[in-house]
Asks: 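One structure, pasted below without further comment.
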Amino acid sequence: MDKILLIDDDEGLIHFLSRFFQRKGYAVTSCLNGGDAVNKISENSFDLILLDYKMPGLNGIETLRRIKAGHVKTPVIIMTAYGNTDLAIEAMKCGAYDYLVKPFEREELSRIVFDALAVNRQMKEVVFLPDSTEAIPTSPDKHPLKIIGNSKKMQEVYKIVGQIAEKDVPVLITGESGTGKELVAKAIYHHSSRKDKPFIPINCAAIPENLVESELFGYERGAFTGAERTHIGKIERCNSGTCFMDEIGDMAPSLQAKLLRVLQEGEIERLGGNRTVGVDVRIIAATNKDLDREVREGRFREDLYWRLKVISLNLPPLRKRIEDIDALVKYFLFRFSEEYNKPVHHISESALKRFYSYSWPGNVRELENCVRRAVLLCSGNIVTQEHLLLLESKDEYLLQKMNREQLIERIKDKLEDIIPEVLSISKQDIHSNIIEIVEDTLITKALEECGNNQVQAAKMLGISRNTLRHRMKRLAVKRSPLLL
Ligand SMILES: Nc1ncnc2c1ncn2[C@@H]1O[C@H](COP(=O)(O)OP(=O)(O)OP(=O)(O)O)[C@@H](O)[C@H]1O
Ligand SMILES: [Mg+2]
């Protein structure tokens with residue numbers, strides 16, 4: 001249950017707000033002045049604070065400064081009377097999350113509170129690295145998140161995360177869907193010097209295009225019909241914090257230019273405004289698109305790409321680090337057996353084997369969901385192949401459905417792995433050497449497939465029988481023990 005602290009000298013408003021939030025299922029505490037509130041905050045933790053601007057004794061800004069001096073992450077919403085919006089924006093510079101103008105509509109109150117509580121959850125969701133020496137807290141309702149996997153490829157990732165987390169530089173995280181980009185972004189935030197400041201995720205693909213600009217950069221009062229008050233955009237709200245820009249490859253070019261300005265100049269302009277506002281945000285961007293290609297094809301600005309790419313982290317797909325599967329399965333078994341209160345702690349050898357041979361197109365997310373499903377379906381305490389039935393058929397289904405583009409991607413992936421090895425053997429005649437390897441493998445497989453029937457194999461390969469014979473001769477010569 002989220003806990004809200006109300007601070008206002010107006011008892012009527014406190015009464016109204018308390019009832020409003022209690023009805024929505026929140027736990028409410030209230031204070032009539034700033035001093036009491038600061039004491040309460042030092043003794044209890046809250047998920048959201050609503051703070052009046054004008055109060056006798058400590059005013060809103062002074063109270064806010066004291067709260068922030070105690071490294072409290074909880075978002076604070078400043079409440080102010082109409083006409084004081086400039087002061088409220090000033091308060092945001094001191095670390096307030098947003099502001100509400102009194103008298104406010106219930107709808108607006110709900111929206112702002114809902115947003116702030118979501119940000120609070122994100123900020124407090126700590127992600128630990130595998131070799132973390134920090135004590136990992138246990139909470140009764142939620143396990144802390146941990147990045148699992150000690151494969152060489154993942155160790156390289158942790159090494160870079162360790163090297164750059166505290167440096168105030170932008171980071172670009174790439175990798176297929178489900179490889180853990182968001183998890184890594186949160187780990188970087190948690191290990192950075194900005195960990196007490198906001199962490200605001202923005203999914204560039206999820207916000208409707210006509211709203212993206214105002215969501216990100218805000219707008220001035222009167223910027224368009226219905227813009228009744230100055231709206232602070234997410235980037236400005238994130239001032240001094242970390243902004244996680246997910247699916248950056250989907251950002252419209254006009255906004256890319258504005259983001260570049262944030263990175264280069266540290267400034268933005270609200271929509272409909274003509275003054276520049278200074279912002280200091282660390283950008284962590286993520287995408288599962290091939291940004292190189294997006295740049296080549298003119299959909300992504302090259303200058304922004306270079307700016308973001310200074311530190312880039314590529315998360316390997318699960319099929320390229322199958323040695324992590326064991327630890328991931330154990331981790332998810334542990335989590336889900338606790339979550340669903342079922343004593344499923346083991347996995348049969350054959351089920352694990354199946355995991356190793358599967359290609360995991362949905363990466364760790366798919367594995368996580370597969371283990372979740374298995375725990376739910378399992379009636380004993382061991383997950384067996386039977387609980388993975390869906391997975392089995394899905395594998396075949398995927399192979400059939402896998403479109404040409406995905407297939408080419410997979411072949412490219414594999415080639416990328418082996419080409420450096422071929423190059424390390426010889427740097428001459430690369431083209432013919434590689435083509436020969438591919439051709440030989442194809443011919444061997446086709447012959448196997450057709451029970452050594454050359455007519456069928458030639459047909460399958462789409463080459464003449466003569467060409468097949470010729471190639472087979474070449475193969476036989478290569479395999480001849482006389483040459484060894
Ligand atoms: N190494 C890991 N250890 C533990 N859990 C992981 C790991 N990698 C990913 N996960 C889990 O897998 C799920 C997907 O991860 P995440 O959302 O970070 O992926 P993503 O790369 O951002 O995917 P998408 O491109 O689809 O947004 C999450 O539930 C996350 O906690
Ligand atoms: Mg993601």
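Whatever order the structure lists them in is the order used to number ligands and atoms, beginning at 1. Since the model is a prediction, treat every value here as computed from it, not as a measurement.
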Asks: Please compare Lys146, Glu368, Lys181, Arg335 and report which has the shortest non-hydrogen distance to atom 20 (P) of ligand 1.
Replies: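 Ranked by closest heavy atom to atom 20 (P) of ligand 1, first place is Lys181.
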Asks: Going by distance only, is there an N or O of Gly180 that falls short of 3.5 Å from an N or O of ligand 1?
Replies: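 Looking only at distances, the answer is yes, because the N/O contact criterion of under 3.5 Å is met.
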Asks: Testing Thr74, Ile67, Val76 one by one against Ile41 for a side chain to side chain contact (heavy atoms under 4.5 Å, CB included), which residue passes?
Replies: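 By the side chain to side chain contact (heavy atoms under 4.5 Å, CB included) criterion, Ile41 pairs with just one of Thr74, Ile67, Val76: Ile67.
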Asks: Gly178 near ligand 1, heavy-atom distance under 4.0 Å?
Replies: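 The answer is yes, since Gly178 has a heavy atom less than 4.0 Å from ligand 1.
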Asks: Could you work out, for atom 6 (C) of ligand 1, the closest of Asn369, Val184, Leu183, Leu318 by heavy-atom distance?
Replies: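 Nearest option to atom 6 (C) of ligand 1, by heavy atoms: Leu183.
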Asks: Any idea which protein heavy atom is nearest atom 10 (N) of ligand 1, and the distance to it?
Replies: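 In this structure, atom 10 (N) of ligand 1 has Val364 CG1, 3.4 Å as its nearest protein heavy atom.
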Asks: Non-hydrogen atoms of Asn288 versus ligand 1: any pair closer than 4.0 Å?
Replies: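 Asn288 counts as a contact of ligand 1 under the 4.0 Å cut-off.
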Asks: Can you tell me which residue and heavy atom of the protein come closest to atom 17 (O) of ligand 1, and the distance to 0.1 Å?
Replies: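 Answer for atom 17 (O) of ligand 1: Arg365 NH2, 3.3 Å.
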Asks: Below the 3.5 angstrom mark, is there an N/O of Tyr331, backbone or side chain, next to an N/O of ligand 1?
Replies: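 Checking ligand 1 against Tyr331, no N or O pair falls under 3.5 Å apart.
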Asks: Between ligand 1 and Ser177, is the shortest N or O to N or O distance under 3.5 Å?
Replies: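 So ligand 1 has an N or O lying under 3.5 Å from an N or O of Ser177.
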Asks: Should the proximity of Phe332 to ligand 1, defined as any heavy atom under 4.0 Å, be assigned to the side chain, the backbone, both, or neither?
Replies: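 Under 4.0 Å from ligand 1, Phe332 contributes side-chain atoms alone.
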Asks: With heavy atoms of Ile147 as the reference, note each atom of ligand 1 found under 4.0 Å away.
Replies: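 Listed by number with element, the hits are 1 (N), 3 (N).
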Asks: So Pro170 and Leu263, do their side chains get closer than 4.5 Å, heavy atoms only?
Replies: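 When only atoms from C-beta onward are counted, Pro170 and Leu263 do touch, with a gap below 4.5 Å.
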Asks: Side-chain contact test, heavy atoms from C-beta onward, threshold under 4.5 Å: evaluate it for Arg282 versus Cys243 and give yes or no.
Replies: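 The answer is no; the side chains never approach within 4.5 Å.
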Asks: Using distance alone, determine whether Arg321 and ligand 1 share an N or O pair under 3.5 Å.
Replies: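 Not met; the criterion fails.
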Asks: Looking at CG of Asn363 and CG of Leu315, how far apart are the two atoms once the value is rounded to the nearest 0.5 Å?
Replies: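 Here the interatomic distance stands at 9.5 Å.
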Asks: Quick one: does ligand 1 sit under 4.0 Å from the side chain of Ile148, the backbone, both or neither, non-hydrogen atoms only?
Replies: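 Both the backbone and the side chain of Ile148 come within reach of ligand 1.
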Asks: Hey, is Leu328 one of the residues with a heavy atom under 4.0 angstrom from ligand 1?
Replies: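 Within the 4.0 Å threshold, so yes.
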Asks: Can you confirm if the NZ or CZ of Lys186 lies within 45° of the ring axis of Phe199 and under 6.0 Å from the centre of its six-membered ring?
Replies: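 No, Lys186 and Phe199 do not form such a contact.
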Asks: If we only count heavy atoms from C-beta on, is the Tyr97 to Met92 side-chain gap below 4.5 Å?
Replies: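 No - every pair of side-chain heavy atoms lies 4.5 Å or more apart.
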Asks: How far is atom 22 (O) of ligand 1 from its nearest protein heavy atom, and which residue and atom name does that atom have?
Replies: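 For atom 22 (O) of ligand 1, the nearest protein heavy atom is Glu182 N, 3.3 Å.
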Asks: Side chains of Tyr340 and Arg372: do they bring a donor and an acceptor to under 3.5 Å?
Replies: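 Distance-only check passes for Tyr340 and Arg372.
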Asks: Taking side chain as C-beta onward, heavy atoms only, is Glu166 less than 4.5 Å from His191?
Replies: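 Answer no - side chains too far apart.
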Asks: Got Gln122 and Tyr189 here, is their nearest side-chain heavy-atom distance under 4.5 Å?
Replies: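 No. Closest side-chain heavy atoms not under 4.5 Å.
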